[in-house]
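Please read the structure below before turning to the comments.
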Amino acid sequence: MNTKVSLCGITLDNPVIPASGTFGYGYEFAELYDINRLGTFSFKGTTREPRFGNPPPRIAECTSGMINAVGLQNPGVEAVISRELPRLAQCFHKPVMANVSGFSVQDYAYTCQQLDAQPQVGWLEVNVSCPNVHGGGMSFGTQPEAAAEVTRAVKAVTKKPVIIKLSPNVTDIVSIAKACEDAGADGISLINTMLGMRIDLKRRKPVIANTMGGFSGPAIFPVAVRMVYQVSQAVSIPVVGMGGVQSAEDVLEMMLAGATAVEVGAANLVNPFASLDIVNELPAAMEKYGINDLNEIIGGAHNG
Amino acid sequence: MKQVIFEIISNEALTKDVYRMVLAGDTSAITAPGQFVEIALPGKFLRRPISVNDWGENSLTLIYKVVGHGTEQMALFPAGTRLDVLTGLGNGYNTTVSGDHPVLVGGGVGVPPLYGLCKALLAQGKHPAVVLGFNKAEEIFLAEEFRALGVQVHIATANGSVGTRGFVTDVLKALSYTYFYACGPLPMFKAMETVVSTAGQYSMEERMGCGFGACMGCSIQTKSGAKRVCKDGPVFPREEVFF
(Lines give C-alpha, C1' and ligand atoms only; values in the text may rest on other atoms or scores of the structure.)
Protein backbone atom coordinates (compact mmCIF):
# COMPACT_ATOMS: atom_id res chain seq x y z
CA MET A 1 0.00 0.00 0.00
CA ASN A 2 1.46 3.39 -0.99
CA THR A 3 0.59 6.65 0.77
CA LYS A 4 3.52 8.59 -0.70
CA VAL A 5 2.74 11.46 -3.04
CA SER A 6 4.96 14.00 -4.74
CA LEU A 7 4.15 17.67 -4.21
CA CYS A 8 6.02 19.94 -6.62
CA GLY A 9 8.91 17.48 -6.78
CA ILE A 10 9.21 16.79 -3.04
CA THR A 11 8.03 13.41 -1.79
CA LEU A 12 5.60 13.35 1.13
CA ASP A 13 5.30 10.12 3.16
CA ASN A 14 1.58 10.80 3.18
CA PRO A 15 -0.59 13.64 1.88
CA VAL A 16 -1.68 14.89 5.33
CA ILE A 17 -0.60 18.47 6.11
CA PRO A 18 -1.83 20.50 9.11
CA ALA A 19 -2.95 23.85 7.71
CA SER A 20 -1.43 27.21 8.52
CA GLY A 21 -2.81 28.91 11.62
CA THR A 22 -3.86 25.67 13.28
CA PHE A 23 -0.43 24.28 14.10
CA GLY A 24 1.71 27.24 15.20
CA TYR A 25 5.35 26.65 14.30
CA GLY A 26 4.92 22.96 15.03
CA TYR A 27 7.07 22.42 18.10
CA GLU A 28 4.20 22.68 20.55
CA PHE A 29 2.43 19.75 18.86
CA ALA A 30 5.72 17.84 19.04
CA GLU A 31 5.15 17.69 22.81
CA LEU A 32 2.02 15.64 22.04
CA TYR A 33 3.22 13.31 19.29
CA ASP A 34 5.99 12.74 16.76
CA ILE A 35 5.12 15.33 14.11
CA ASN A 36 7.46 13.58 11.67
CA ARG A 37 4.54 11.19 11.13
CA LEU A 38 2.86 13.95 9.10
CA GLY A 39 3.46 14.55 5.40
CA THR A 40 4.58 18.01 6.43
CA PHE A 41 2.80 21.01 7.93
CA SER A 42 2.22 24.60 6.91
CA PHE A 43 3.43 26.97 9.58
CA LYS A 44 1.68 30.03 10.99
CA GLY A 45 1.17 32.77 8.40
CA THR A 46 4.28 34.92 8.54
CA THR A 47 4.59 38.57 7.56
CA ARG A 48 7.50 40.95 7.10
CA GLU A 49 6.87 42.74 10.42
CA PRO A 50 5.58 41.29 13.72
CA ARG A 51 1.80 41.51 14.11
CA PHE A 52 -0.49 41.23 17.12
CA GLY A 53 -3.55 40.84 14.92
CA ASN A 54 -7.11 41.84 15.71
CA PRO A 55 -8.63 42.73 19.09
CA PRO A 56 -10.54 39.99 20.96
CA PRO A 57 -12.98 38.32 20.79
CA ARG A 58 -11.52 36.62 17.73
CA ILE A 59 -13.43 33.34 17.86
CA ALA A 60 -17.08 32.37 17.36
CA GLU A 61 -18.76 28.96 17.50
CA CYS A 62 -20.88 27.90 14.50
CA THR A 63 -22.86 24.84 13.55
CA SER A 64 -20.21 22.34 12.37
CA GLY A 65 -17.52 24.98 12.33
CA MET A 66 -16.06 28.14 13.73
CA ILE A 67 -15.19 31.69 12.80
CA ASN A 68 -11.78 33.15 13.52
CA ALA A 69 -10.54 36.69 13.10
CA VAL A 70 -7.03 36.30 14.47
CA GLY A 71 -5.62 38.63 11.82
CA LEU A 72 -2.23 37.05 11.10
CA GLN A 73 -0.70 37.30 14.56
CA ASN A 74 2.94 36.30 14.14
CA PRO A 75 6.38 37.36 15.37
CA GLY A 76 7.57 38.57 11.96
CA VAL A 77 9.89 36.83 9.51
CA GLU A 78 13.10 37.78 11.31
CA ALA A 79 11.98 36.15 14.58
CA VAL A 80 10.60 33.16 12.70
CA ILE A 81 14.03 32.56 11.19
CA SER A 82 16.05 33.28 14.32
CA ARG A 83 13.77 31.70 16.94
CA GLU A 84 10.92 29.54 15.60
CA LEU A 85 12.73 27.55 12.89
CA PRO A 86 15.67 26.54 15.15
CA ARG A 87 13.15 25.28 17.74
CA LEU A 88 11.33 23.37 15.01
CA ALA A 89 14.60 21.85 13.77
CA GLN A 90 14.93 20.00 17.08
CA CYS A 91 11.70 18.04 16.55
CA PHE A 92 10.90 18.06 12.82
CA HIS A 93 13.24 16.65 10.21
CA LYS A 94 11.24 17.05 7.01
CA PRO A 95 10.86 20.03 4.69
CA VAL A 96 8.25 22.40 6.14
CA MET A 97 5.76 24.49 4.20
CA ALA A 98 6.35 28.20 4.89
CA ASN A 99 3.11 30.18 4.84
CA VAL A 100 3.54 33.85 3.95
CA SER A 101 1.20 36.81 3.92
CA GLY A 102 1.72 40.46 3.14
CA PHE A 103 0.29 43.91 2.62
CA SER A 104 2.10 44.81 -0.57
CA VAL A 105 3.70 42.93 -3.44
CA GLN A 106 7.08 43.99 -2.04
CA ASP A 107 6.17 42.51 1.38
CA TYR A 108 5.35 39.16 -0.16
CA ALA A 109 8.55 39.11 -2.22
CA TYR A 110 10.75 40.13 0.72
CA THR A 111 9.29 37.63 3.19
CA CYS A 112 9.32 34.79 0.66
CA GLN A 113 12.92 35.54 -0.29
CA GLN A 114 13.99 35.36 3.36
CA LEU A 115 12.21 32.06 3.93
CA ASP A 116 13.30 30.59 0.57
CA ALA A 117 16.87 30.81 1.87
CA GLN A 118 16.11 28.59 4.90
CA PRO A 119 17.18 24.96 4.36
CA GLN A 120 14.24 23.69 6.45
CA VAL A 121 11.70 25.24 4.09
CA GLY A 122 10.46 22.96 1.33
CA TRP A 123 7.64 25.00 -0.18
CA LEU A 124 6.40 28.56 0.04
CA GLU A 125 2.65 28.77 0.49
CA VAL A 126 1.66 32.31 -0.40
CA ASN A 127 -1.57 33.37 1.27
CA VAL A 128 -3.36 35.86 -0.98
CA SER A 129 -6.61 35.01 0.78
CA CYS A 130 -6.66 36.05 4.44
CA PRO A 131 -10.12 37.52 5.10
CA ASN A 132 -9.09 39.08 8.41
CA VAL A 133 -6.77 41.90 7.46
CA HIS A 134 -7.53 45.13 5.67
CA GLY A 135 -5.54 46.38 2.72
CA GLY A 136 -3.80 43.09 2.17
CA GLY A 137 -4.28 39.36 2.20
CA MET A 138 -7.53 38.63 0.45
CA SER A 139 -7.46 41.79 -1.63
CA PHE A 140 -4.63 40.20 -3.63
CA GLY A 141 -6.54 36.99 -4.09
CA THR A 142 -9.83 38.30 -5.40
CA GLN A 143 -8.52 39.66 -8.72
CA PRO A 144 -6.65 37.47 -11.23
CA GLU A 145 -4.23 40.30 -12.13
CA ALA A 146 -3.31 41.05 -8.50
CA ALA A 147 -2.81 37.36 -7.67
CA ALA A 148 -0.64 36.99 -10.75
CA GLU A 149 1.42 40.03 -9.78
CA VAL A 150 2.18 38.58 -6.34
CA THR A 151 3.03 35.24 -7.92
CA ARG A 152 5.44 36.82 -10.42
CA ALA A 153 7.14 38.93 -7.75
CA VAL A 154 7.64 35.93 -5.46
CA LYS A 155 8.81 33.64 -8.25
CA ALA A 156 11.38 36.23 -9.35
CA VAL A 157 13.22 36.10 -6.00
CA THR A 158 12.82 32.45 -4.93
CA LYS A 159 13.99 29.00 -5.99
CA LYS A 160 11.65 26.73 -4.06
CA PRO A 161 8.18 25.67 -5.19
CA VAL A 162 5.63 28.45 -4.78
CA ILE A 163 2.09 27.41 -3.93
CA ILE A 164 -0.53 30.16 -4.05
CA LYS A 165 -3.29 29.81 -1.45
CA LEU A 166 -6.61 31.03 -2.80
CA SER A 167 -9.73 32.49 -1.28
CA PRO A 168 -13.19 30.97 -1.85
CA ASN A 169 -14.73 34.44 -1.47
CA VAL A 170 -14.72 35.10 -5.21
CA THR A 171 -17.10 34.60 -8.11
CA ASP A 172 -14.64 32.73 -10.32
CA ILE A 173 -11.85 30.91 -8.51
CA VAL A 174 -10.80 29.10 -11.70
CA SER A 175 -9.75 32.31 -13.46
CA ILE A 176 -7.63 33.31 -10.45
CA ALA A 177 -5.99 29.90 -10.28
CA LYS A 178 -5.19 30.03 -14.00
CA ALA A 179 -3.74 33.52 -13.67
CA CYS A 180 -1.42 32.24 -10.92
CA GLU A 181 -0.39 29.26 -13.03
CA ASP A 182 0.34 31.53 -15.99
CA ALA A 183 2.43 33.76 -13.70
CA GLY A 184 4.62 30.81 -12.76
CA ALA A 185 3.01 29.28 -9.66
CA ASP A 186 4.16 25.73 -8.94
CA GLY A 187 0.97 24.79 -7.14
CA ILE A 188 -2.37 26.05 -5.87
CA SER A 189 -3.82 25.48 -2.42
CA LEU A 190 -7.46 26.03 -1.59
CA ILE A 191 -9.67 26.92 0.11
CA ASN A 192 -8.89 29.52 2.73
CA THR A 193 -11.76 30.34 5.10
CA MET A 194 -15.11 31.70 3.92
CA LEU A 195 -16.10 35.15 5.09
CA GLY A 196 -18.75 34.84 7.79
CA MET A 197 -20.18 36.45 10.90
CA ARG A 198 -22.28 35.76 13.98
CA ILE A 199 -24.36 38.16 16.09
CA ASP A 200 -24.71 37.89 19.87
CA LEU A 201 -28.44 38.00 20.71
CA LYS A 202 -27.85 39.33 24.22
CA ARG A 203 -25.60 42.22 23.17
CA ARG A 204 -27.21 42.64 19.72
CA LYS A 205 -23.71 43.09 18.33
CA PRO A 206 -21.31 40.96 16.25
CA VAL A 207 -19.63 38.23 18.33
CA ILE A 208 -16.28 38.97 16.68
CA ALA A 209 -14.68 42.31 17.56
CA ASN A 210 -13.57 42.68 13.94
CA THR A 211 -17.24 42.08 12.92
CA MET A 212 -16.49 39.41 10.31
CA GLY A 213 -14.10 36.51 10.21
CA GLY A 214 -13.10 33.35 8.42
CA PHE A 215 -15.54 30.46 8.63
CA SER A 216 -13.93 27.02 8.67
CA GLY A 217 -14.69 23.49 9.79
CA PRO A 218 -16.64 20.54 8.37
CA ALA A 219 -19.50 22.81 7.26
CA ILE A 220 -17.36 24.16 4.39
CA PHE A 221 -16.07 20.77 3.20
CA PRO A 222 -18.51 20.45 0.25
CA VAL A 223 -17.58 23.93 -0.97
CA ALA A 224 -13.90 23.03 -0.78
CA VAL A 225 -14.41 19.75 -2.65
CA ARG A 226 -16.30 21.59 -5.38
CA MET A 227 -13.61 24.25 -5.80
CA VAL A 228 -10.75 21.71 -5.77
CA TYR A 229 -12.66 19.76 -8.43
CA GLN A 230 -13.08 22.86 -10.60
CA VAL A 231 -9.57 24.26 -10.19
CA SER A 232 -7.70 20.97 -10.56
CA GLN A 233 -9.35 20.38 -13.94
CA ALA A 234 -8.43 23.84 -15.17
CA VAL A 235 -4.74 23.88 -14.22
CA SER A 236 -1.89 21.45 -14.79
CA ILE A 237 0.02 22.25 -11.57
CA PRO A 238 -0.68 20.31 -8.33
CA VAL A 239 -3.56 21.37 -6.13
CA VAL A 240 -3.48 21.12 -2.33
CA GLY A 241 -7.04 20.70 -1.06
CA MET A 242 -8.32 21.93 2.26
CA GLY A 243 -11.48 23.08 3.97
CA GLY A 244 -13.29 21.11 6.67
CA VAL A 245 -11.23 17.94 6.34
CA GLN A 246 -11.51 15.83 9.48
CA SER A 247 -11.09 12.18 8.54
CA ALA A 248 -9.11 9.85 6.28
CA GLU A 249 -12.22 9.46 4.15
CA ASP A 250 -12.33 13.23 3.68
CA VAL A 251 -8.71 13.05 2.49
CA LEU A 252 -9.65 10.41 -0.09
CA GLU A 253 -12.62 12.52 -1.25
CA MET A 254 -10.40 15.60 -1.66
CA MET A 255 -7.91 13.54 -3.68
CA LEU A 256 -10.65 12.17 -5.92
CA ALA A 257 -11.69 15.79 -6.47
CA GLY A 258 -8.17 16.49 -7.71
CA ALA A 259 -5.97 17.25 -4.70
CA THR A 260 -2.39 15.92 -4.68
CA ALA A 261 -2.10 16.63 -0.94
CA VAL A 262 -4.61 17.64 1.70
CA GLU A 263 -4.43 20.16 4.52
CA VAL A 264 -6.24 19.72 7.82
CA GLY A 265 -7.23 22.94 9.59
CA ALA A 266 -9.94 23.54 12.16
CA ALA A 267 -10.02 19.86 13.15
CA ASN A 268 -6.61 20.35 14.85
CA LEU A 269 -8.16 22.94 17.16
CA VAL A 270 -10.83 20.58 18.47
CA ASN A 271 -8.70 17.46 18.63
CA PRO A 272 -4.96 18.15 18.91
CA PHE A 273 -4.34 14.65 17.58
CA ALA A 274 -6.64 15.07 14.55
CA SER A 275 -3.90 15.13 11.89
CA LEU A 276 -2.07 12.16 13.42
CA ASP A 277 -5.36 10.24 13.68
CA ILE A 278 -5.96 10.85 9.97
CA VAL A 279 -2.45 9.58 9.10
CA ASN A 280 -3.11 6.48 11.20
CA GLU A 281 -6.55 5.86 9.70
CA LEU A 282 -5.46 6.34 6.10
CA PRO A 283 -4.31 2.75 5.32
CA ALA A 284 -7.57 1.26 6.64
CA ALA A 285 -9.64 3.75 4.67
CA MET A 286 -7.61 2.97 1.53
CA GLU A 287 -8.21 -0.74 2.07
CA LYS A 288 -11.93 -0.18 2.61
CA TYR A 289 -12.23 1.57 -0.77
CA GLY A 290 -9.85 -0.72 -2.64
CA ILE A 291 -7.07 1.83 -3.08
CA ASN A 292 -3.55 0.44 -3.31
CA ASP A 293 -1.72 3.63 -4.24
CA LEU A 294 -3.01 7.10 -3.43
CA ASN A 295 -1.57 8.43 -6.68
CA GLU A 296 -4.17 6.35 -8.54
CA ILE A 297 -7.06 8.39 -7.19
CA ILE A 298 -5.84 11.98 -7.65
CA GLY A 299 -8.52 13.58 -9.80
CA GLY A 300 -10.26 10.23 -10.09
CA ALA A 301 -13.69 11.84 -10.03
CA HIS A 302 -12.97 14.11 -12.99
CA ASN A 303 -15.01 13.81 -16.16
CA GLY A 304 -13.55 11.70 -18.93
CA MET B 1 -2.05 18.22 28.33
CA LYS B 2 -3.82 14.91 28.09
CA GLN B 3 -6.98 13.75 26.33
CA VAL B 4 -9.03 11.72 28.81
CA ILE B 5 -12.50 10.19 28.90
CA PHE B 6 -14.12 11.14 32.20
CA GLU B 7 -17.36 9.79 33.68
CA ILE B 8 -19.75 12.10 35.49
CA ILE B 9 -20.28 11.05 39.10
CA SER B 10 -22.61 13.93 40.01
CA ASN B 11 -23.84 17.16 38.44
CA GLU B 12 -25.90 19.36 40.75
CA ALA B 13 -27.04 22.98 40.97
CA LEU B 14 -25.37 25.11 43.67
CA THR B 15 -27.41 28.23 42.82
CA LYS B 16 -29.96 29.05 40.14
CA ASP B 17 -27.37 28.85 37.34
CA VAL B 18 -24.12 27.58 38.89
CA TYR B 19 -23.48 23.84 38.83
CA ARG B 20 -20.94 21.49 40.36
CA MET B 21 -19.85 18.53 38.25
CA VAL B 22 -17.74 15.78 39.81
CA LEU B 23 -15.99 13.49 37.34
CA ALA B 24 -13.91 10.33 37.57
CA GLY B 25 -10.88 9.84 35.35
CA ASP B 26 -7.15 10.36 34.93
CA THR B 27 -6.15 13.74 36.39
CA SER B 28 -2.39 13.22 36.12
CA ALA B 29 -1.96 16.06 33.63
CA ILE B 30 -3.22 18.64 36.15
CA THR B 31 -0.20 20.12 37.87
CA ALA B 32 -1.30 23.44 39.41
CA PRO B 33 -4.41 25.15 40.76
CA GLY B 34 -5.82 27.66 38.27
CA GLN B 35 -5.45 25.34 35.28
CA PHE B 36 -8.49 24.47 33.19
CA VAL B 37 -9.95 21.67 31.10
CA GLU B 38 -11.75 21.66 27.76
CA ILE B 39 -14.85 19.57 27.28
CA ALA B 40 -16.14 18.30 23.93
CA LEU B 41 -19.93 18.56 23.76
CA PRO B 42 -22.14 16.62 21.36
CA GLY B 43 -23.21 18.82 18.44
CA LYS B 44 -20.85 21.64 19.36
CA PHE B 45 -17.74 22.28 17.26
CA LEU B 46 -15.43 23.95 19.75
CA ARG B 47 -14.67 22.54 23.18
CA ARG B 48 -15.77 24.47 26.27
CA PRO B 49 -13.05 25.69 28.65
CA ILE B 50 -13.92 25.26 32.36
CA SER B 51 -11.61 26.04 35.28
CA VAL B 52 -10.61 23.26 37.67
CA ASN B 53 -12.24 23.75 41.07
CA ASP B 54 -10.51 20.81 42.74
CA TRP B 55 -8.84 17.57 41.79
CA GLY B 56 -7.46 14.44 43.36
CA GLU B 57 -6.28 11.09 42.13
CA ASN B 58 -8.91 10.02 39.59
CA SER B 59 -11.32 12.79 40.68
CA LEU B 60 -12.03 16.14 39.07
CA THR B 61 -14.46 18.80 40.27
CA LEU B 62 -15.66 21.58 37.99
CA ILE B 63 -17.96 24.44 38.93
CA TYR B 64 -19.50 26.24 35.97
CA LYS B 65 -22.13 28.85 35.28
CA VAL B 66 -24.77 28.35 32.62
CA VAL B 67 -24.11 31.22 30.21
CA GLY B 68 -24.99 29.80 26.80
CA HIS B 69 -26.02 26.75 24.79
CA GLY B 70 -22.92 24.73 25.67
CA THR B 71 -23.19 25.13 29.43
CA GLU B 72 -26.97 24.63 29.22
CA GLN B 73 -26.22 21.27 27.65
CA MET B 74 -23.68 20.45 30.38
CA ALA B 75 -26.21 21.17 33.12
CA LEU B 76 -28.49 18.45 31.74
CA PHE B 77 -25.92 15.63 31.72
CA PRO B 78 -26.89 12.83 34.13
CA ALA B 79 -24.42 10.86 36.24
CA GLY B 80 -22.78 8.17 34.17
CA THR B 81 -22.34 10.40 31.09
CA ARG B 82 -18.90 10.04 29.56
CA LEU B 83 -17.10 13.18 28.38
CA ASP B 84 -14.07 13.71 26.14
CA VAL B 85 -11.86 16.16 28.07
CA LEU B 86 -8.49 17.79 27.46
CA THR B 87 -6.95 18.21 30.90
CA GLY B 88 -4.05 20.10 32.41
CA LEU B 89 -4.42 23.19 30.21
CA GLY B 90 -2.85 26.54 31.04
CA ASN B 91 -0.16 27.50 33.52
CA GLY B 92 -2.10 27.81 36.79
CA TYR B 93 -1.17 29.88 39.84
CA ASN B 94 2.40 30.06 41.09
CA THR B 95 2.04 29.27 44.79
CA THR B 96 5.70 29.62 45.73
CA VAL B 97 5.77 33.43 45.81
CA SER B 98 2.84 34.17 48.12
CA GLY B 99 4.45 34.82 51.51
CA ASP B 100 2.67 33.53 54.64
CA HIS B 101 -0.59 35.47 54.37
CA PRO B 102 -1.89 35.61 50.81
CA VAL B 103 -5.40 36.79 50.06
CA LEU B 104 -7.53 35.02 47.45
CA VAL B 105 -10.01 37.29 45.69
CA GLY B 106 -12.85 35.83 43.63
CA GLY B 107 -15.74 37.45 41.83
CA GLY B 108 -18.82 35.39 40.85
CA VAL B 109 -17.94 32.51 38.60
CA GLY B 110 -14.26 33.39 39.12
CA VAL B 111 -14.44 31.86 42.60
CA PRO B 112 -14.09 28.12 41.75
CA PRO B 113 -10.35 27.83 40.92
CA LEU B 114 -9.46 29.64 44.15
CA TYR B 115 -10.66 26.62 46.12
CA GLY B 116 -7.97 24.33 44.71
CA LEU B 117 -5.49 27.17 45.17
CA CYS B 118 -6.52 27.60 48.81
CA LYS B 119 -5.94 23.90 49.49
CA ALA B 120 -2.52 24.05 47.82
CA LEU B 121 -1.47 27.06 49.91
CA LEU B 122 -2.70 25.43 53.13
CA ALA B 123 -0.72 22.30 52.25
CA GLN B 124 2.38 24.51 52.13
CA GLY B 125 1.66 25.70 55.68
CA LYS B 126 0.51 29.16 54.61
CA HIS B 127 -2.42 31.12 56.03
CA PRO B 128 -4.62 32.29 53.17
CA ALA B 129 -7.70 34.49 53.61
CA VAL B 130 -10.51 34.54 51.08
CA VAL B 131 -12.57 37.45 49.74
CA LEU B 132 -15.59 36.50 47.66
CA GLY B 133 -17.78 38.94 45.75
CA PHE B 134 -21.33 38.22 44.57
CA ASN B 135 -24.30 40.31 43.49
CA LYS B 136 -26.70 38.98 46.15
CA ALA B 137 -27.22 36.29 48.79
CA GLU B 138 -28.91 33.82 46.41
CA GLU B 139 -25.82 33.78 44.17
CA ILE B 140 -23.33 32.82 46.87
CA PHE B 141 -21.63 29.46 46.49
CA LEU B 142 -18.51 27.73 47.90
CA ALA B 143 -18.34 29.97 51.00
CA GLU B 144 -19.07 27.01 53.31
CA GLU B 145 -16.50 24.84 51.53
CA PHE B 146 -13.84 27.51 52.11
CA ARG B 147 -14.85 27.83 55.79
CA ALA B 148 -14.55 24.05 56.11
CA LEU B 149 -10.89 24.41 55.13
CA GLY B 150 -10.49 26.58 58.23
CA VAL B 151 -9.70 29.84 56.44
CA GLN B 152 -11.16 33.26 57.07
CA VAL B 153 -13.88 34.02 54.50
CA HIS B 154 -14.98 37.61 53.77
CA ILE B 155 -18.01 38.14 51.59
CA ALA B 156 -19.08 41.26 49.73
CA THR B 157 -22.46 41.53 48.04
CA ALA B 158 -23.44 44.35 45.74
CA ASN B 159 -26.87 44.65 47.37
CA GLY B 160 -25.57 44.20 50.92
CA SER B 161 -27.69 41.11 51.59
CA VAL B 162 -24.69 39.26 53.05
CA GLY B 163 -21.38 40.56 54.43
CA THR B 164 -19.94 43.86 53.32
CA ARG B 165 -22.20 45.94 51.09
CA GLY B 166 -20.26 46.68 47.93
CA PHE B 167 -17.43 44.95 46.16
CA VAL B 168 -14.38 42.83 46.96
CA THR B 169 -12.35 46.02 46.94
CA ASP B 170 -14.35 47.35 49.91
CA VAL B 171 -13.16 44.31 51.89
CA LEU B 172 -9.61 44.35 50.54
CA LYS B 173 -9.03 47.95 51.67
CA ALA B 174 -9.23 46.90 55.31
CA LEU B 175 -7.12 43.72 55.05
CA SER B 176 -3.41 43.22 55.36
CA TYR B 177 -1.80 40.46 53.28
CA THR B 178 1.52 39.45 51.76
CA TYR B 179 0.33 38.70 48.20
CA PHE B 180 -2.90 38.36 46.24
CA TYR B 181 -4.42 35.87 43.81
CA ALA B 182 -7.48 36.94 41.83
CA CYS B 183 -10.00 35.39 39.49
CA GLY B 184 -13.05 37.23 38.21
CA PRO B 185 -14.25 39.70 35.62
CA LEU B 186 -11.93 42.36 34.17
CA PRO B 187 -13.81 45.27 35.87
CA MET B 188 -13.06 43.62 39.23
CA PHE B 189 -9.34 43.49 38.39
CA LYS B 190 -9.40 47.14 37.34
CA ALA B 191 -11.04 48.12 40.63
CA MET B 192 -8.50 46.00 42.54
CA GLU B 193 -5.65 47.89 40.89
CA THR B 194 -6.75 50.99 42.82
CA VAL B 195 -6.57 49.27 46.22
CA VAL B 196 -4.07 46.41 46.22
CA SER B 197 -0.78 47.05 47.95
CA THR B 198 1.26 43.95 47.07
CA ALA B 199 2.33 41.88 44.10
CA GLY B 200 -0.16 39.32 42.88
CA GLN B 201 -1.54 37.23 40.04
CA TYR B 202 -4.64 37.69 37.90
CA SER B 203 -6.38 34.86 36.05
CA MET B 204 -7.52 36.33 32.74
CA GLU B 205 -10.47 35.25 30.65
CA GLU B 206 -10.80 35.42 26.86
CA ARG B 207 -12.89 33.61 24.29
CA MET B 208 -10.84 30.63 23.15
CA GLY B 209 -10.59 28.57 20.00
CA CYS B 210 -8.41 25.55 20.74
CA GLY B 211 -7.42 26.06 24.40
CA PHE B 212 -3.91 24.68 23.95
CA GLY B 213 -1.95 27.39 22.18
CA ALA B 214 -2.40 26.54 18.51
CA CYS B 215 -4.85 29.06 17.08
CA MET B 216 -3.90 32.41 18.69
CA GLY B 217 -7.63 33.06 19.18
CA CYS B 218 -7.28 34.23 22.80
CA SER B 219 -4.18 36.42 22.58
CA ILE B 220 -3.86 39.51 24.76
CA GLN B 221 -1.26 42.23 24.86
CA THR B 222 0.87 42.20 28.00
CA LYS B 223 3.82 44.27 29.13
CA SER B 224 6.06 41.43 27.94
CA GLY B 225 4.42 41.13 24.52
CA ALA B 226 1.53 39.17 23.05
CA LYS B 227 0.49 36.20 25.20
CA ARG B 228 -2.01 33.41 24.69
CA VAL B 229 -4.44 33.29 27.60
CA CYS B 230 -4.87 29.52 27.12
CA LYS B 231 -1.22 28.52 27.02
CA ASP B 232 0.94 31.34 28.47
CA GLY B 233 -1.86 32.04 30.98
CA PRO B 234 -4.58 32.11 32.10
CA VAL B 235 -2.67 33.37 35.15
CA PHE B 236 -0.47 36.43 34.68
CA PRO B 237 1.64 38.30 37.24
CA ARG B 238 0.18 41.69 38.12
CA GLU B 239 3.17 43.52 36.64
CA GLU B 240 2.55 42.00 33.19
CA VAL B 241 -1.10 42.98 32.80
CA PHE B 242 -2.23 46.16 31.06
CA PHE B 243 -5.24 47.91 32.65
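Each chain gets a letter, A, B and so on, in the order the sequences are listed, and its residues count up from 1.
Rounded to the nearest 0.5 angstrom, B:M1 CE and A:L32 CG are separated by 4.0 Å. Going from atom OG of A:S64 over to atom CZ of B:F45 covers 8.0 Å, rounded to the nearest 0.5 Å.
When the shell of 6.0 Å around NZ of A:K205 is examined, it contains 12 or fewer heavy atoms from other residues, nucleotides or ligands. Heavy atoms from other residues, nucleotides or ligands lying under 6.0 Å from CD of B:E12 number more than 12. Sparse packing is recorded around CD of A:E78, with 12 or fewer heavy atoms of other residues, nucleotides or ligands lying under 6.0 Å away. Around atom CZ of A:R204, no more than 12 heavy atoms belonging to other residues, nucleotides or ligands sit under 6.0 Å away. Counting non-hydrogen atoms of other residues, nucleotides and ligands closer than 6.0 Å to NE2 of B:H69 gives a total of 12 or fewer.
At a heavy-atom separation below 4.5 angstrom, chain B is approached by A:A266, A:N268, A:L269, A:V270, A:N271, A:P272, A:F273 within residues 265-275 of chain A.
A salt bridge links A:E31 with B:K231: the distance from a Lys NZ or Arg NE/NH1/NH2 to an Asp or Glu carboxylate oxygen falls below 4.0 Å. A salt bridge between B:R228 and A:E28 is present, with a side-chain N of the basic residue lying under 4.0 Å from a carboxylate O of the acidic one. Between A:E61 and B:R48 there is a salt bridge, since a side-chain N of the basic residue sits under 4.0 Å from a carboxylate O of the acidic one.
Of all the listed residues (B:G225, B:C215, B:A226), the one sharing the greatest number of non-hydrogen pairs under 4.5 Å with chain A is B:C215. Comparing A:G217, A:G24, A:P57 by how many heavy-atom pairs each has under 4.5 Å with chain B, the most go to A:P57. Here B:R207 is the residue among B:K2, B:R207, B:M208 with the most heavy-atom pairs under 4.5 Å with chain A.
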Worked verdict on B:M216 versus A:R58 for side chain to side chain contact (heavy atoms under 4.5 Å, CB included): CA-CA 9 Å; B:M216 309 283 162; A:R58 298 170 166 187; 4.3 Å; yes
Stepwise side chain to side chain contact (heavy atoms under 4.5 Å, CB included) check, B:E206 with A:I59: CA-CA 10 Å; B:E206 194 46 72; A:I59 302 288; over 6 Å; no
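Neither the backbone nor the side chain of B:E38 has a heavy atom closer than 4.5 Å to any heavy atom of chain A.
When all heavy atoms of B:S219 and A:P56 are compared, the closest pair comes out as O-CG, 4.3 Å.
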